[in-house]
K.L.:
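Questions regarding the structure given below will be posed in turn.
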Amino acid sequence: MTVHILPPDLQATRPPPSPDPLIVVEDVAKRFVDGRTGRVTAALEHLSFAIREGEFVCLLGPSGCGKSSVLDLLCGFEQPSAGRIRVEGGPVREPGPDRGIVFQEALLFPWLSVLDNITFAPRLAGVPAALYRPRAARLIALMGLDGFENHAPYELSGGMRQRAAIARAWISEPRILLMDEPFGALDAQTRLGMQEQLLIAREATGATVLFVTHDIEEALFLADRILVLSGRPGRVAREIPVPFGRSRRYSALLTDERFGRLKREIVEEFRAG
Ligand SMILES: Nc1ncnc2c1ncn2[C@@H]1O[C@H](COP(=O)(O)OP(=O)(O)OP(=O)(O)O)[C@@H](O)[C@H]1O
């Protein structure tokens, strides 16, 4: 896959990073109550972490440990049962343009073209076409979707649909990108290309990324820091700074002895529960 470098006009114009964390999660619990039976499911308990501006953090944990619930809280789809969540210093009450979201399924509107999907948010917000059109064109090029602007989502491959979903999340210049296993449904080769493209785009935009995955190698390849969640109810069992710097090649990591060591350590952490 061609990897495009983000052009300067797509680089977000932001104030210099603040020394205060951009995202703060403090002793958060999330419990779901079944309205019919009254049964309570504790998804998260005593969850605390902070993320600084510009960091790429992976939330890594086994299935069902509450990873998606963390993103739902940060998006504002759900409210915590206990504890506090602050984004840019304020509480999260609802979804907002400061937080772009990419789910495992691309969730494009099937009746809209690729271009109309990507430009959905600025059109809804009444942004003039002269402002968002050039930006959309560059994102389409960046994501390797040239020539597919007028295609419907069903005419795209799974990888292309996901790239369109990322472009849609990125068009509003979100300060934070929340990604829930976005490459989980892709084949290994497409996935690798997407991961490399994401790292380049993140580097160029300076966006803060919280990326949920259950794939240890994916977390080690992408993250500046990994938060390993415990089994349900999820809390941070371990925090791992990733020592590979920002310009990464997957092939180089595979021969790095630290990669194998960290992978073994995380596997042990999973086994310990
Ligand atoms: N809306 C909901 N109502 C009731 N229970 C829920 C709801 N959302 C999540 N849960 C429960 O909370 C727990 C954590 O779910 P969550 O989807 O956050 O885990 P996850 O780590 O993202 O899982 P996976 O990796 O399998 O997607 C699970 O036991 C799930 O059944």
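Counting convention: from 1, in listed order, for ligands and their atoms alike.
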K.L.:
What do you reckon, is CZ of Arg261 surrounded by more than 12 foreign heavy atoms closer than 6.0 Å?
P.N.:
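Enclosed.
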K.L.:
Would you call the rings of Phe103 and Phe77 parallel, tilted or perpendicular, where under 30° means parallel and over 60° means perpendicular?
P.N.:
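Parallel, since the angle between the ring planes stays under 30°.
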K.L.:
Are Arg191 and Asp215 ion-paired here, with the side-chain N under 4.0 Å from a carboxylate O?
P.N.:
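Salt bridge between Arg191 and Asp215, a charged N being under 4.0 Å from a carboxylate O: yes.
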K.L.:
Among all protein non-hydrogen atoms, which one is nearest to atom 25 (O) of ligand 1, and what is the separation to 0.1 Å?
P.N.:
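Answer for atom 25 (O) of ligand 1: Lys67 NZ, 2.8 Å.
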K.L.:
Protein heavy atom under 4.0 angstrom of atom 4 (C) of ligand 1, is there one?
P.N.:
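At least one protein heavy atom is under 4.0 Å away.
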K.L.:
Heavy-atom count check: over 12 atoms from other residues, nucleotides or ligands less than 6.0 Å from Arg93 CZ?
P.N.:
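Not buried by this count: 12 neighbours or fewer within 6.0 Å.
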K.L.:
Please compare Cys65, Gly61, Gly64, Ala42 and report which has the shortest non-hydrogen distance to atom 23 (O) of ligand 1.
P.N.:
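Among Cys65, Gly61, Gly64, Ala42, the closest heavy atom to atom 23 (O) of ligand 1 belongs to Gly64.
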K.L.:
Check contact between Lys30 and ligand 1, using heavy atoms of the residue and a distance below 4.0 angstrom.
P.N.:
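So Lys30 does not count as touching ligand 1.
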K.L.:
Nearest heavy atom to atom 26 (O) of ligand 1: which of Ser63, Pro62, Gly231 does it belong to?
P.N.:
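Result: the heavy atom closest to atom 26 (O) of ligand 1 is in Ser63.
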K.L.:
Would Phe32 count as a polar contact of ligand 1, with the cut-off being nitrogen or oxygen pairs under 3.5 Å?
P.N.:
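For ligand 1, there is no N or O atom that lies under 3.5 Å from one belonging to Phe32.
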K.L.:
Please write down residue, atom name and distance for the protein heavy atom closest to atom 15 (O) of ligand 1.
P.N.:
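Sorting protein heavy atoms by distance from atom 15 (O) of ligand 1 puts Ser69 OG, 3.9 Å first.
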K.L.:
Looking at atom 31 (O) of ligand 1, what's its closest protein heavy atom, distance included?
P.N.:
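Nearest protein contact, heavy atoms only, for atom 31 (O) of ligand 1 is Thr41 CG2, 4.8 Å.
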K.L.:
Using a strict 4.0 Å threshold on nitrogen-to-oxygen distance, state whether Lys30 and Glu45 make a salt bridge.
P.N.:
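No, this pair does not count.
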K.L.:
Any nitrogen or oxygen of Ala43 lying under 3.5 Å from a nitrogen or oxygen in ligand 1? Just yes or no.
P.N.:
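Such a contact does not occur with ligand 1.
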K.L.:
Would you confirm whether the ring centroid of Phe120 sits within less than 6.0 angstrom of the ring centroid of Tyr132?
P.N.:
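No, too far apart.
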K.L.:
Please determine if Arg246 and Asp224 form a salt bridge, counting it only when a charged side-chain N lies under 4.0 Å from a carboxylate O.
P.N.:
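Answer for the salt bridge query: yes.
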K.L.:
Taking NZ, NE, NH1 and NH2 as the nitrogens, is one of them in Arg175 or Glu53 under 4.0 Å from a carboxylate oxygen of the other?
P.N.:
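Salt bridge between Arg175 and Glu53, a charged N being under 4.0 Å from a carboxylate O: yes.
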K.L.:
Record the part of His214 in heavy-atom contact with ligand 1 below 4.0 Å; permitted values are side chain, backbone, both and neither.
P.N.:
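Neither part.
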K.L.:
When you measure from atom 19 (O) of ligand 1 to every protein heavy atom, which one gives the shortest distance, and what is it?
P.N.:
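In this structure, atom 19 (O) of ligand 1 has Gly66 N, 3.2 Å as its nearest protein heavy atom.
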K.L.:
Is it the case that atom CZ in Arg123 sees more than 12 heavy atoms from other parts of the structure closer than 6.0 Å?
P.N.:
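Yes.
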K.L.:
Is it the case that ligand 1 has an N or O less than 3.5 angstrom from some N or O of Arg232?
P.N.:
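By distance alone, the answer is yes.
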K.L.:
With heavy-atom distances below 4.0 Å as the criterion, list the atoms of ligand 1 near Glu181.
P.N.:
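Ligand 1 atoms under the 4.0 Å threshold to Glu181: 25 (O).
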K.L.:
Look at atom 17 (O) of ligand 1 and say which protein heavy atom is nearest, naming residue and atom and giving the distance to 0.1 Å.
P.N.:
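So the nearest neighbour among protein heavy atoms is Ser68 CB, 3.7 Å.
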